[in-house]
Every structure is written in structure tokens, then in C-alpha cells.
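Take a look at the structure set out below.
Here, residue 1 is the first one in the sequence, and each next residue gets the next number.
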Amino acid sequence: MATAYLGLGANIGDRRRNLVAAAASLAERVGDVLALSSIYETEPWGFESENRFLNAVIVLRTGLSPFDLLDATRLIEIEMGRIEKSDGTYQDRVIDIDLLMVDDRIIRTRRLTLPHPLMHERLFVMEPLAEVAPEVRHPLTGRTMREILEDLRENK
């Protein structure tokens, strides 16, 4: 069993309902929910939109491999109406589920990179992640989520 940290985001439709539905689907299909952060309202990151995001982080205990977890999250996104995943160009979305970390695994493939390569740059990820896992250490830097968040806030 592994502990997986996933970021959730939605900025169109019933945003709160979309986050709750995604969390429920993850709990049903992926594993036991260990923690769910507060919901944060944030500005879009990486693109212009009139629609603000709601973001959260969910922590799950799962028996799935990181790649099977990726497949499960992608299927949930599709079922909720998100057909295309971002290819570097960001856009409004009904739901976005990002794998942030799976234990202290380091994976670098074309299909999956863990830990998420941009998580430490995104306040909308680090605030909810530091809320639910403040003492968890980043697998590459060894710094806690709280330390990363503090630095991000100072340098914002």
C-alpha cells in the first residue's frame, strides 16, 4: 500500500460539486481517504480566464501502482466530462486531477513524472498540500511541504 497525494481543481460548471464528485470517485475506486484539504479559491495559473478555480488536495491509501493510479484518475476526468488533458496549453476545465506524489517515489517517464515537476511553484497546490501533509518531505529536495509553502509565499 502507498500514500498518494493528488491535487484537484475545477473552474467551470458547479466547481464545488465537481471536486466533491471527484473525491468520492477516488474514494470508491482508488483507496481509502486519509485526508481532504479545505477548498481554496484561486486565480487561473498559466492562462487567462474569467473563471476562478476551486482547488483541494486529497490523500489516499492505495494498492494501485502510480501508473494504474494515473489511469484511474484519467478515467474519472473523462467520465466527468474532461476529454482532453493539457499538453502544456492550459484551459478551463470541469475537473483536473494531478498526481503530486506517491510516497517518496521518483518517476521520470514520458507518461508520468513524480513528484509533480511544478507543484513547488504553485500556491494553489502547496497551500492545500501543506494543510494536510505539513511534515511530509519532498522526495527530491528533502524539504517539508510547510517549508516549501513558506518559501513560495515569501517569494511570491
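Heavy-atom contacts from other residues, nucleotides or ligands closer than 6.0 Å to CD of Glu135 number more than 12.
Residues Ala10 and Val94 share a closest heavy-atom pair of CB-O, 3.0 Å. When all heavy atoms are compared, the tightest approach of Ser37 to Ala56 is OG-CA, 3.4 Å. Closest of all the heavy-atom pairs between Leu114 and Val102 is CD1-CG2, 3.7 Å. Leu140 and Arg108 get closest at one heavy-atom pair: CD1-NH2, 2.9 Å. Contact between Ile95 and Ala22 at its shortest, heavy atoms only, is CD1-CB, 3.7 Å. Across all their heavy atoms, Arg137 and Met145 have their closest contact at C-CE, 3.7 Å.
Asn51 places no side-chain N or O within 3.5 Å of a backbone atom of Ile12 that could act as its donor or acceptor partner. A donor-acceptor distance shorter than 3.5 angstrom exists from the side chain of Arg15 to the backbone of Arg52, with no hydrogens or angles considered. Between the side chain of Glu41 and the main chain of Phe53, no donor-acceptor pair closer than 3.5 Å is present. In this structure, Glu147 contributes its side chain and Thr144 its backbone to a donor-acceptor pair below 3.5 Å.
To the nearest 0.5 Å, the span separating CE on Met126 from CG on Leu152 amounts to 7.5 Å.
Pairs passing the salt bridge (charged side-chain N to carboxylate O under 4.0 Å, His left out) check and including a residue from residues 54-73, sequence neighbours excluded, read Asp71-Arg111.
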Under 3.5 Å donor-acceptor pairs involving side-chain atoms of residues 25-36, not counting sequence neighbours:
residue : atom : partner : partner atom : Å
Ser25   : OG   : Ala21   : O            : 3.2
Arg29   : NH1  : Glu79   : OE1          : 2.8
Arg29   : NH2  : Glu79   : OE1          : 2.5

